[in-house]
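We're numbering straight along the sequence, starting at 1.
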Amino acid sequence: MKLSILLFLSLLAMPLLARPATEKPNVIMIFLDDCGYGDFSHTGNPSIHTPNISRMVREGMNCPQFYCASPACTASRYALLTGRNPGRSGLGAWVLGPTAAKYIHPNEVTIPEGLKNQGYATAFFGKWHLGTPNSNNSMTASAFPLAHGFDTWEGTNVSNDYETGSDLIKSNPSGNTPIAGYEMIAEDILNKTDIHDNLTKRYRDRTVEFIQANKDQPFFVYLAPNMPHLPVHASDEFKDTSLRGLYGDCIEEIDAMVGTILSTLENEGIAQNTLVIFTSDNGPWIRFQNTASNSRYGEARILIGSALPFRDGKGSTWEGGVRVPGVFYWPGTIPAATVVREPVSTMDILPTVFKLAGEAVPTDRTLDGRDIRPLLNSALFQGTVPDFEFIYTGASNNQVYGARKGAWKLHTKLYSQTGNNYGFSASFSDPLLFNVEQDPHERFDRSDDETTTVNELKQMITDFNNSVSTEGTFWNP
């Protein structure tokens with residue numbers, strides 16, 4: 001009898017899964033700002049120690065050919081949340097400042113909107129950069145996150161480097177600043193060092209609190225740290241701890257934040273119910289790689305990450321602008337040490353998590369992402385993943401710069417914020433062609449001897465442009 005009672009009590013003490021692991025799994029989307037492919041232990045950085053992200057790679061799925069959808073902030077975030085190429089946004093710009101009239105259109109279907117339909121609690125902690133209520137848009141509430149599927153938000157409206165208009169805000173049903181439903185925590189934060197130093201820690205703490213409060217229901221967390229976008233900061237706990245200096249301190253604090261989140265999931269008994277995705281919005285901001293001193297950014301040249309082994313960085317459709325780390329972690333569902341050799345993109349996330357949650361994928365607009373569940377676990381999620389086709393869009397109004405299919409990448413325009421085209425030129429009539437699996441640094445133009453491939457990729461671009469023109473955008477139907 002005593003043994004039976006002890007057994008019963010021990011079972012009560014054990015963390016129980018509220019539902020099967022693959023039934024409406026929780027999703028945590030970690031989306032860094034301006035972080036380079038080469039800034040992590042698992043991608044070969046010799047000075048930055050990122051054991052928690054390495055653990056995700058070791059125990060989960062690594063995608064060495066992972067793409068963000070744009071080399072700039074707003075466009076990349078639009079594509080992540082909608083599964084659509086930035087060329088379909090109608091925003092007219094790849095970055096929206098705090099006084100921009102436009103914002104992500106209310107008719108777009110976002111990840112949190114779809115998951116809310118399936119009973120998910122939804123939270124966003126970090127940088128929004130998809131619109132700000134201001135006098136140019138009549139202070140519309142549609143410019144802010146709660147209008148797009150989020151139950152709660154705390155973060156900045158734009159990047160943390162605007163001299164005016166970069167604010168730290170949180171949702172508050174009783175608040176009215178800058179509009180009803182929100183509360184201003186701090187205005188014009190650029191020179192408020194204490195705010196910057198503790199942004200990553202702030203988002204970590206809000207995420208942990210949200211997980212603990214919602215552990216008994218499905219939830220979605222969009223965690224978008226401001227770092228390592230310039231100006232780079234780290235909390236006191238991490239300052240002067242990395243071999244890489246302040247930049248390394250910043251990345252290692254982000255890694256520790258990831259570790260805290262993984263530990264929280266384990267402690268709450270929901271790690272096997274949770275898919276965690278880790279990536280960045282674009283490559284490093286190498287425009288400032290030779291800036292020795294800057295009143296806004298400090299010694300910027302040592303605060304820039306690395307896109308190696310790829311060419312260029314943020315702002316460019318060379319691979320260094322759009323090839324970023326891509327890691328998926330779901331213990332018990334994704335087999336350990338999975339490596340996906342084919343390309344994957346942030347636009348694949350919406351259709352994939354909608355399918356996981358049982359939400360219908362929108363059919364009344366074009367999605368550019370694919371359902372990649374079979375890549376997570378081919379035995380559990382049977383079927384085939386459509387071939388990867390990718391249209392590169394860039395400066396500054398999301399126009400087309402090239403296309404990729406299979407191993408082949410076509411450039412029809414070139415741009416770098418450094419002003420360097422590396423001895424190349426490209427146009428639609430005279431493009432560049434690279435095999436970016438054999439030649440990831442994009443050194444050897446193969447257009448002359450692969451004319452069939454050139455024509456196929458040019459047709460992809462023509463088809464995409466025709467699709468956008470025919471379908472229109474929600475801003476310009």
Visitor: Please give me the minimum heavy-atom distance between L190 and P231, naming the atom from each residue.
Guide: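 Here L190 and P231 meet closest at CD1-CG, 4.1 Å.
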Visitor: With a 3.5 Å distance limit and no angle check, can you tell me whether T43 reaches the backbone of F40 through a side-chain donor-acceptor pair?
Guide: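 Answer holds: yes.
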Visitor: Do F310 and Y37 have their ring centres less than 6.0 Å from each other?
Guide: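 Under 6.0 Å, so yes.
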Visitor: Measure the CG-OG1 distance between L457 and T412 for me, rounded to the nearest 0.5 Å.
Guide: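 Reported to 0.5 Å precision, the distance equals 10.0 Å.
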Visitor: Considering non-hydrogen atoms only, spot the tightest contact between F238 and A256 and give its length.
Guide: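 Result for this residue pair: CZ-CB, 3.4 Å.
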Visitor: Is there a donor in the side chain of D161 and an acceptor in the side chain of Y297, or the other way round, less than 3.5 Å apart?
Guide: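 A pair is found: one side chain offers a donor N or O, the other an acceptor, under 3.5 Å apart.
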Visitor: Calculate, to the nearest 0.5 Å, the distance between atoms NZ and CG belonging to K127 and L223 respectively.
Guide: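 Answer rounded to 0.5 Å: 13.5 Å.
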Visitor: For the atom pair CE (M56) and OG1 (T50), what is the distance rounded to the nearest 0.5 Å?
Guide: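 Reported value, rounded in 0.5 Å steps: 11.0 Å.
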Visitor: Please test R55 against Y329 for side chain to side chain donor-acceptor pair (under 3.5 Å), starting from the C-alpha separation and ending with a verdict.
Guide: CA-CA 9 Å; R55 175 192 170 189; Y329 177 81; 3.1 Å; yes
Visitor: Check whether H129 reaches the backbone of L96 with its side chain - one donor and one acceptor, N or O, closer than 3.5 Å.
Guide: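 Yes: the side chain of H129 pairs with the backbone of L96.
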Visitor: Check the pair D34 / K314 against salt bridge (Lys or Arg N to Asp or Glu O under 4.0 Å), numbers first and verdict last.
Guide: CA-CA 7 Å; D34 291 5; K314 176 179 178 174; 2.9 Å; yes
Visitor: Run the numbers on L230 and N294 for side-chain contact (heavy atoms from CB on, under 4.5 Å), then give the verdict.
Guide: CA-CA 11 Å; L230 291 165; N294 183 290; over 6 Å; no
Visitor: Are any side-chain N or O atoms of K409 and backbone N or O atoms of N435, one a donor and one an acceptor, separated by less than 3.5 Å?
Guide: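 Checking the backbone N and O of N435 against the side chain of K409, no donor-acceptor pair under 3.5 Å is found.
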Visitor: What do the steps show when you test M29 against I111 for side-chain contact (heavy atoms from CB on, under 4.5 Å), and what is the final call?
Guide: CA-CA 10 Å; M29 179 72 235; I111 293 174; 6.0 Å; no
Visitor: Would you compute the distance between atom CG of D368 and atom CG of L350 and round it to the nearest 0.5 angstrom?
Guide: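 Between D368 CG and L350 CG, I get 11.5 Å after rounding to 0.5 Å.
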Visitor: Side chains of T366 and E471 only: does a donor on one sit below 3.5 Å from an acceptor on the other?
Guide: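 Looking only at side-chain atoms, E471 and T366 do form a donor-acceptor pair, the distance falling under 3.5 Å.
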Visitor: Does T317 reach the main-chain N or O of Y401 with its side chain, forming a donor-acceptor pair under 3.5 Å?
Guide: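 No; judged by distance alone, with no hydrogens or angles, the pair does not exist.
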Visitor: What's the separation between atom CZ in R311 and atom CG in N421, rounded to the nearest 0.5 Å?
Guide: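 Going from CZ on R311 over to CG on N421, the span is 10.0 Å.
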Visitor: Do the charged groups of E299 and R301 touch, with an N to O distance under 4.0 Å?
Guide: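 Salt bridge: yes.
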Visitor: Taking C-beta and beyond as the side chain, do N62 and V340 meet within less than 4.5 Å on heavy atoms?
Guide: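 With C-beta onward as the side chain, the pair stays apart.
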Visitor: Does the E252 side chain pair with the main chain of I48, one donor and one acceptor, at a distance under 3.5 Å?
Guide: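 No: the side chain of E252 does not pair with the backbone of I48.
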Visitor: For the residue pair W318 and Y415, is the inter-centroid distance of their aromatic rings smaller than 6.0 Å?
Guide: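 When the ring centroids of W318 and Y415 are compared, they turn out to be at least 6.0 Å apart.
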Visitor: Answer with yes or no after comparing the ring centroid distance for F210 and F124 against a 6.0 Å cut-off, counting only values under it.
Guide: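 When the ring centroids of F210 and F124 are compared, they turn out to be at least 6.0 Å apart.
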Visitor: Within a strict 4.5 Å, meaning less than it, do heavy atoms of the P343 and F66 side chains meet?
Guide: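 P343 does not reach F66 side chain to side chain.
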Visitor: Does a side chain donor of either Y247 or D39 reach within less than 3.5 Å of an acceptor in the other side chain?
Guide: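 Yes, side-chain donor-acceptor contact under 3.5 Å.
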Visitor: Any chance you could measure W128, atom CH2, to D167, atom CG, to the nearest 0.5 Å?
Guide: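 Reported to 0.5 Å precision, the distance equals 15.5 Å.
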Visitor: Inspect the surroundings of CG in D364 and state if more than 12 heavy atoms from other residues, nucleotides or ligands are less than 6.0 Å away.
Guide: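 Enclosed.
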Visitor: Is there a donor-acceptor pair closer than 3.5 Å between any side-chain N or O of D445 and the backbone N or O of L432?
Guide: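 No; zero donor-acceptor contacts below 3.5 Å.
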Visitor: Should the pair K170 and Y182 be classed as cation-pi, given the thresholds of under 6.0 Å to the six-membered ring centre and 45° from the axis?
Guide: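 That pair does not qualify as a cation-pi contact.
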Visitor: Between R323 and Y67, is NZ or CZ placed under 6.0 angstrom from the six-membered ring centre and within 45° of the ring axis?
Guide: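 Satisfied, under 6.0 Å and within 45°.
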Visitor: Is a donor on one side and an acceptor on the other found under 3.5 Å between the side chain of D188 and the backbone of T164?
Guide: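 Not confirmed, D188 side chain does not pair with T164 backbone.
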Visitor: Between D348 and R370, does a salt bridge (Lys or Arg N to Asp or Glu O under 4.0 Å) hold up when you go through it step by step?
Guide: CA-CA 5 Å; D348 296 330; R370 310 160 297 161; 2.9 Å; yes
Visitor: Between E437 and R404, does the salt bridge (Lys or Arg N to Asp or Glu O under 4.0 Å) criterion hold? Intermediate values first, please.
Guide: CA-CA 11 Å; E437 292 179 348; R404 177 172 174 181; 3.2 Å; yes
Visitor: Check for a donor-acceptor pair, side chain of T156 on one end and backbone N or O of S159 on the other, with a separation under 3.5 Å.
Guide: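 Judged by distance alone, no pair lies under 3.5 Å.
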Visitor: Can you classify the ring geometry of F31 versus Y222 as parallel (below 30°), tilted (30 to 60°) or perpendicular (above 60°)?
Guide: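 The arrangement is tilted - the two ring planes meet at 30° to 60°.
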Visitor: How about E342 and V385: do any of their side-chain heavy atoms sit closer than 4.5 Å?
Guide: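 E342 does not reach V385 side chain to side chain.
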Visitor: Taking all non-hydrogen atoms of both residues, which atom of I189 and which atom of L168 are closest, and how far apart?
Guide: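 Nearest heavy atoms, I189 then L168: CG2-N, 4.0 Å.
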Visitor: Less than 3.5 Å apart, any donor N or O on the side chain of Q399 or T393 sitting next to an acceptor on the other?
Guide: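 No - no donor-acceptor pair under 3.5 Å links their side chains.
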Visitor: Would a line drawn from the ring center of H441 to the ring center of F434 be shorter than 6.0 Å?
Guide: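 Between F434 and H441, which both carry aromatic rings, the centre distance is not below 6.0 Å.
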Visitor: Testing the basics here: between R244 and I302, what is the closest heavy-atom pair and its distance to 0.1 Å?
Guide: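 Reported closest heavy-atom pair: NH1-O, 2.8 Å.
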Visitor: Tell me if a side-chain donor or acceptor on T346 pairs with a main-chain N or O of S76 at a distance below 3.5 Å.
Guide: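 No, the answer is negative, given that no donor and acceptor are paired below the 3.5 Å cut-off.
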Visitor: List the atom of T241, the atom of E237, and the distance in Å for their closest heavy-atom pair.
Guide: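 Here T241 and E237 meet closest at CG2-O, 3.8 Å.
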Visitor: Can a donor-acceptor pair be found between the side chains of E253 and T200 at a distance below 3.5 Å?
Guide: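 No, no side-chain donor-acceptor contact under 3.5 Å.
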Visitor: Between the side chains of S316 and S416, does any donor sit under 3.5 Å from an acceptor?
Guide: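 S316 vs S416: no donor-acceptor pair found between side chains.
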Visitor: So T140 and S138, side chain to side chain donor-acceptor pair (under 3.5 Å) or not? Walk me through it.
Guide: CA-CA 5 Å; T140 178; S138 302; over 6 Å; no
Visitor: How close do N134 and P98 get, counting heavy atoms only, and between which atoms?
Guide: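 Taking N134 first and P98 second, the nearest heavy atoms are ND2-O, 3.2 Å.
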Visitor: Regarding D463 and Q459, is there a side-chain donor-to-acceptor distance under 3.5 Å anywhere?
Guide: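 Per modelled atom types, D463 and Q459 side chains form a pair under 3.5 Å.
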Visitor: Hey, does C68 have a side-chain heavy atom less than 4.5 Å from the side chain of T279?
Guide: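 No, side chains not in contact.
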Visitor: Assert yes or no for the condition that the ring centre distance of F288 to W285 is strictly below 6.0 Å.
Guide: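 Distance test on ring centres: under 6.0 Å, yes.
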Visitor: Do any N or O atoms from the side chain of H148 and from the backbone of S142 form a donor-acceptor pair under 3.5 angstrom?
Guide: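 Yes.
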Visitor: Indicate whether the side chain of N157 and that of S166 have a donor and an acceptor atom separated by less than 3.5 Å.
Guide: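 No, because no side-chain N or O of N157 sits under 3.5 Å from a partner of the opposite role on S166.
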Visitor: D33 and N226: side-chain donor and acceptor closer than 3.5 Å?
Guide: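 Short answer, no.
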Visitor: Hey, which of F144, W475, F474, Y78 is the one that makes ring pair (Phe, Tyr, Trp, His ring centres under 6.0 Å) with Y103?
Guide: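 That would be W475.
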Visitor: Do we see a donor-acceptor contact under 3.5 Å between the side chains of N455 and K458?
Guide: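 Not at all, the side chains of N455 and K458 share no donor-acceptor pair under 3.5 Å.
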